[in-house]
Amino acid sequence: MALRLYNTMSSQVEEFVPLRDREVRMYACGPTVYGYGHIGNFRTFIAVDMLQRFLRQSGYSVHYVMNITDVDDKIIRNAAQDGVSVQQYTAKFEKAFVEDAAMIGIEQPTLVRATEHITQMADFVARLVKKDIAYRTEDGSYYFRIASFPQYGKLSKKDFGGMLDGARVDLDEYDKDSARDFALWKAPKPGEAFWDTSIGPGRPGWHLECSVMSMEELGETFDLHAGGEDLVFPHHENEIAQSESLTGKTFARFWFHVRFLLVEGEKMSKSLGNFYTLRDLVLKGHKPSSIRYLLTSVPYRNQLNFTFDGLKQAAVSVERLRNFQQRLSTGTFPSGSNPAMQSLAKDAGDRMKTSLEDDLNTAQAQAAIFEMVRSANSALDASEIKQDDVPALLTALEKFDEIFAVLKDDDGAKMKAVFDWASSEGREKDISAELREAVQSGRFSEAEIEKKIAEMETARRGRNFKVSDALRSELTGAGIVIENTKDGVRWRRK
RNA sequence: GGCGCGGUACCCAAGUGGUAAGGGAGAGGUCUGCAAAACCUUUAUGCGUCGGUUCGAUUCCGACCCGCGCCUCCA
């Protein structure tokens, strides 16, 4: 079996084979850095991250590029409102994006910035003009002539046949040849930031940057181009038009689009009051691992309904996996190996792989790991696990986590970082009691905890339960769970 | 209006032409000084509605109802 992915271009699931033997070149449309990233953004970026992780796990080397849109209308407007330069404004939110992406377990792609490719973009426009594919309007803007690209609409399956002759001229766009023609380059408006270039002053249109930067980094034809489903039209359609009409070659071979998520059953929007940035959720006391788990649990092409109930459920699911991992890694086992456990681990690994190869069916991959966990827990209870089975089972878990990235318990540190950020921004009022508590639970050091546990054990051995119970509740109050097992005491932070 | 997606148990959510994964929650039980973890049993003769094809459909086809997305630089 090989990886099969849905390709928006062909509207069907196809076998994914990169152009070069063991190398995948892929590009994702990244954020416009005009604010903090919301969970919808991160659903998309996490989906692409999982794809990228799975490709690597499957043995490919992956050249993964993501753009940062650091110039556009909203940025210019917001920066002006805040009374700061565009650069200051975008630097702040780009930094926030990188931090947030790391917090949610995204492996950082090669990031490229629009403002650092202005020259190349101007050249690109000039070349299109030379081929008579682009034209300049009176104000100094440049537009792409859609009539010059008959395949326009092939990605979004739109038929522009009757609309290309200029019959419907939009009154606002007075000097475009056709209403559908899109801006490659925008002439400066009074007071706005602009660049002086070979094609005149101005700034790039949105679509241009992705064509220029992806081809610069990955070549004229590369393997896969990703983004949210809203980008199919017009953004990606326009990228294809300008890129392919310039090179005469296929631009991206696979088009990977992630479905929008719903929040509490409705489209996320500020007016509905269900708009959440990643930081909002952490401020409410939710763990990054819970958020990531929930976002990974529904296959990327299905609608995902993000709810707070679901977030709670996700937290428990992650805990179940972590408990199992801890149980295996802290237990003691007789030497030897149990064939049943060996094949259990192998089957789980195989099923995970098969599921992910099937257009990244993450829900099934999760089911596979949970089935293994249940069986292995049973075996653990029955003392049927031998020393040599432990690494096999742990490896299956690690393979799972190479894709899902939810097992590493670094939630506390991440939440502390958000706590500190909110404090430094003067947003103490946004810090929930839950987050405060979660951060507080870090107040005991490992050494202190170990010491208290030792005291507790002494008390328990002396059947002095009053003392041991008091110690237990003190630790529980600090978010530390103590488990007394046959193999000794095991503890973890909740 | 054009194009597309979906409606599966209390919640989230896979899936298949032959009678429904997984997680959470609830109930009962085992284990246990307490606690926690874990395990077992249990919760859809049912997969939006109505027809059709078929030996047989939740899975294929048609109609309808409901929800959602894109078609205005929102991932």
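Naming: A, B, ... by sequence-line order, numbering from 1 per chain.
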Task: Base of B:A75 and ring of A:Phe260 stacked, centres under 5.5 Å, planes under 30° - done: yes
TODO: Identify whether any heavy atom of A:Gly310 sits under 4.0 Å from a base atom; if not, whether one sits that close to sugar-phosphate; answer base, sugar-phosphate or nothing.
DONE: nothing
Open item on the list: Base, sugar-phosphate or nothing for A:Asn238? Non-hydrogen atoms, less than 4.0 Å.
Closed with: nothing
TODO: Could you check whether the rings of A:Phe308 and A:His286 sit parallel, tilted or perpendicular, using 30° and 60° as the cut-offs?
DONE: tilted
- [ ] Return the stacking result for B:G33 and A:Phe465: yes when the ring centres lie under 5.5 Å apart and the planes under 30°, no otherwise.
- [x] yes
Open item on the list: Can you pull out the residues from residues 484-494 of chain A that lie within a 4.0 Å heavy-atom distance of RNA chain B?
Closed with: A:Asn484, A:Arg492
TODO: Look at all strands and tell whether A:Val232 reaches a base, only sugar-phosphate, or nothing, counting heavy atoms closer than 4.0 Å.
DONE: nothing
Open item on the list: For A:Phe42 and A:Phe97, take the angle between the two ring planes, folded into 0 to 90°, and tell me which bin it lands in: parallel under 30, tilted 30 to 60, perpendicular over 60.
Closed with: parallel
Task: Side-chain donor/acceptor contact of A:Arg460 with base of B:G33 under 3.5 Å - done: yes
- [ ] Look at A:Lys189 together with A:Asp139 and state whether they make a salt bridge at an N to O cut-off of under 4.0 Å.
- [x] no
- [ ] Measure the acute angle between the ring planes of A:His235 and A:His207, then classify it against the limits of 30° and 60° as parallel, tilted or perpendicular.
- [x] tilted
Task: Presence of salt bridge, A:Asp350 and A:Lys346, under 4.0 angstrom - done: yes
TODO: Assess whether side chain to side chain donor-acceptor pair (under 3.5 Å) is satisfied between A:Gln366 and A:Ser297, documenting all intermediate values.
DONE: CA-CA 7 Å; A:Gln366 287 179 345; A:Ser297 61; 4.7 Å; no
Task: Nearest-Å distance for atom pair CZ/P, residues A:Phe324 and B:C39 - done: 10 Å
- [ ] Go through the N and O atoms of the side chain of A:Gln313 and the base of B:C12, and report whether any donor-acceptor pair is under 3.5 Å.
- [x] no
Open item on the list: At a heavy-atom distance below 4.0 Å, what parts of residues 468-475 of chain A sit against RNA chain B?
Closed with: A:Ser468, A:Asp469, A:Arg472
Open item on the list: For Watson-Crick and G-U wobble pairs within 3.5 Å on both distances, what is RNA chain B written in dot-bracket notation, | included for inter-strand pairing?
Closed with: (((((((..(((.........)))((((((.......))))))....(((((.......))))))))))))....
- [ ] Would you classify A:Arg374 as touching base, sugar-phosphate or nothing, given that sugar-phosphate means primed atoms plus P, OP1 and OP2, and contacts are heavy atoms under 4.0 Å?
- [x] sugar-phosphate
